[in-house]
*Asks:* 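My questions will all concern the structure given below.
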Amino acid sequence: MRLVLFGPPMAGKGTQASMLAEKLCLLHIAMGDLLREAVAANTSLGRKAKKYMDEGALVPDAIVVGLVEGKLKTSNSEAGFILDGFPRTVGQAEQLEQFTEIDLVLSIDVPFDRLVGRSTGRRSCRKCGAVYHIDFKPPRKPDICDRCKGPLYRRDDDKESVVRERLRAYEAQTQPVINYYDLRGKLRFVDGDKSIDEVGRRLLEAIYDKWPEAEARVAKAEAAMKAGVEQKPPKKEAIPGIKTRRQQGRGRRGFPRDRKKKAGGQPQKKPRHRPKKKK
Ligand code: AMP
């Protein structure tokens, strides 16, 4: 199962790619993350990529294709993979074909006006960075952060003109790649103007159309996820009349709590008694 996922900024592409990867046991390759990792690790590719990323420009095809090829060779992608943020140019799509085939390309489709609406309603806290949305997640008091009572503001890159520019750039960049896959009969559009869960459901339906057997795999993964949550050990019930260690002021290993605090949160070991050497 070799997938590519497209989606404009704010369409929730990253969230959906992670969900699909988890439910279908696919390797998730997020190009932006891969590049940031290479930059952080200060590899020679990372150093080359950094200057383009700092300018917000596309990193040359040779670098990004090399990174994806390396990742596919060195990671477990037995069940398949999902590419997120790659390919972004026809050149990248052509080079990708040299070392692997793509089975299905999903494009999350959201009218740009809706995305502009999503971003212009976004508010961020100046003090703690918490994010709100005036329609979908409003703060309790207008323009005041629920968490730290800091003032809310609209980030520069959330302003309508900037968002429209980002969307225009996405369209100009991605349309040729979308056409490339459309001509090869691999493209499916999925309506992204819905809730996160609903978009996820529709993406999975598009996948089941191609691989009906994937439905059973997802059902198994969902059951395992659910069981994982349910199998958490239940919290210990308090026994009436019996004080817990915490209530007795003792830490987990039996050291008094104030002694733990003095040692900066770490239980202090008792000094070992060493007999003095005889002179
Ligand atoms: P993202 O996290 O997807 O917004 O990507 C962050 C930055 O990484 C972009 O602004 C580009 O500089 C670079 N980048 C990500 N994906 C690609 C790609 N497929 N081709 C070239 N550059 C990319």
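Atoms within each ligand, like the ligands themselves, are counted from 1 in listed order.
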*Asks:* Which residue holds the protein heavy atom closest to atom 6 (C) of ligand 1, what is that atom called, and what is the gap in Å?
*Replies:*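 Going atom by atom, the protein heavy atom closest to atom 6 (C) of ligand 1 ends up being Arg36 NH1, 3.7 Å.
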*Asks:* Is the charged tip of Arg126 near the ring of Tyr153: under 6.0 Å from the six-membered ring centre and within 45° of its axis?
*Replies:*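 Judged by the rule (NZ or CZ under 6.0 Å from the ring centre, within 45° of its axis), Arg126 counts as positioned above Tyr153.
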*Asks:* For atom 11 (C) of ligand 1, which of the options Gly14, Gly32, Ala49, Ala57 provides the nearest non-hydrogen atom?
*Replies:*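 Shortest heavy-atom distance from atom 11 (C) of ligand 1: Ala57.
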*Asks:* What protein heavy atom lies closest to atom 20 (N) of ligand 1? Include the residue and the distance to one decimal.
*Replies:*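 Among all protein heavy atoms, the one nearest atom 20 (N) of ligand 1 is Gln92 NE2, 2.9 Å.
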*Asks:* Does Thr89 reach the main-chain N or O of Gln92 with its side chain, forming a donor-acceptor pair under 3.5 Å?
*Replies:*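 Yes; judged by distance alone, with no hydrogens or angles, the pair exists.
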*Asks:* Near Leu35, which atoms of ligand 1 are under 4.0 Å from a heavy atom of that residue?
*Replies:*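 So the answer, numbered in order with elements, is 8 (O), 13 (C), 14 (N), 15 (C), 23 (C).
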*Asks:* Is there side-chain contact between Leu27 and Ile82, with at least one heavy-atom pair below 4.5 Å?
*Replies:*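 Sidechains of Ile82 and Leu27: no contact.
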*Asks:* Does the side chain of Glu101 reach to within under 4.5 Å of the side chain of Leu96, using non-hydrogen atoms?
*Replies:*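 The answer is no; the side chains never approach within 4.5 Å.
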*Asks:* Considering heavy atoms of the protein only, find what lies nearest to atom 22 (N) of ligand 1 and give residue, atom and distance to 0.1 Å.
*Replies:*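 Protein heavy atom at minimum distance: Val59 N, 3.0 Å.
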*Asks:* Would you tell me which option among Lys13, Met53, Lys51, Arg88 has the nearest heavy-atom contact to atom 1 (P) of ligand 1?
*Replies:*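 The nearest heavy atom belongs to Arg88.
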*Asks:* Is any side-chain heavy atom of Met225 less than 4.5 Å from a side-chain heavy atom of Lys23?
*Replies:*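 Yes - at least one pair of side-chain heavy atoms lies under 4.5 Å apart.
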*Asks:* For atom 16 (N) of ligand 1, what is the closest protein heavy atom, and at what distance to 0.1 Å?
*Replies:*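 Scanning the protein heavy atoms, the shortest distance from atom 16 (N) of ligand 1 goes to Met31 CG, 3.3 Å.
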*Asks:* Counting from 1, what ligand 1 atoms have a heavy atom of Phe86 closer than 4.0 Å?
*Replies:*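 Listed by number with element, the hits are 19 (N).
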*Asks:* Which residue holds the protein heavy atom closest to atom 19 (N) of ligand 1, what is that atom called, and what is the gap in Å?
*Replies:*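 Ranking protein heavy atoms by distance from atom 19 (N) of ligand 1, first comes Gly85 O, 2.9 Å.
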*Asks:* Is it the case that the side chain of Arg118 and the backbone of Met10 share a donor-acceptor pair, with hydrogens and angles ignored and the cut-off at 3.5 Å?
*Replies:*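 Indeed, once roles are kept as given, a pair shorter than 3.5 Å links the two residues.
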*Asks:* Are the side chains of Val131 and Arg123 in touch, meaning some heavy atoms are under 4.5 Å apart?
*Replies:*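 When only atoms from C-beta onward are counted, Arg123 and Val131 do not touch, as no gap falls below 4.5 Å.
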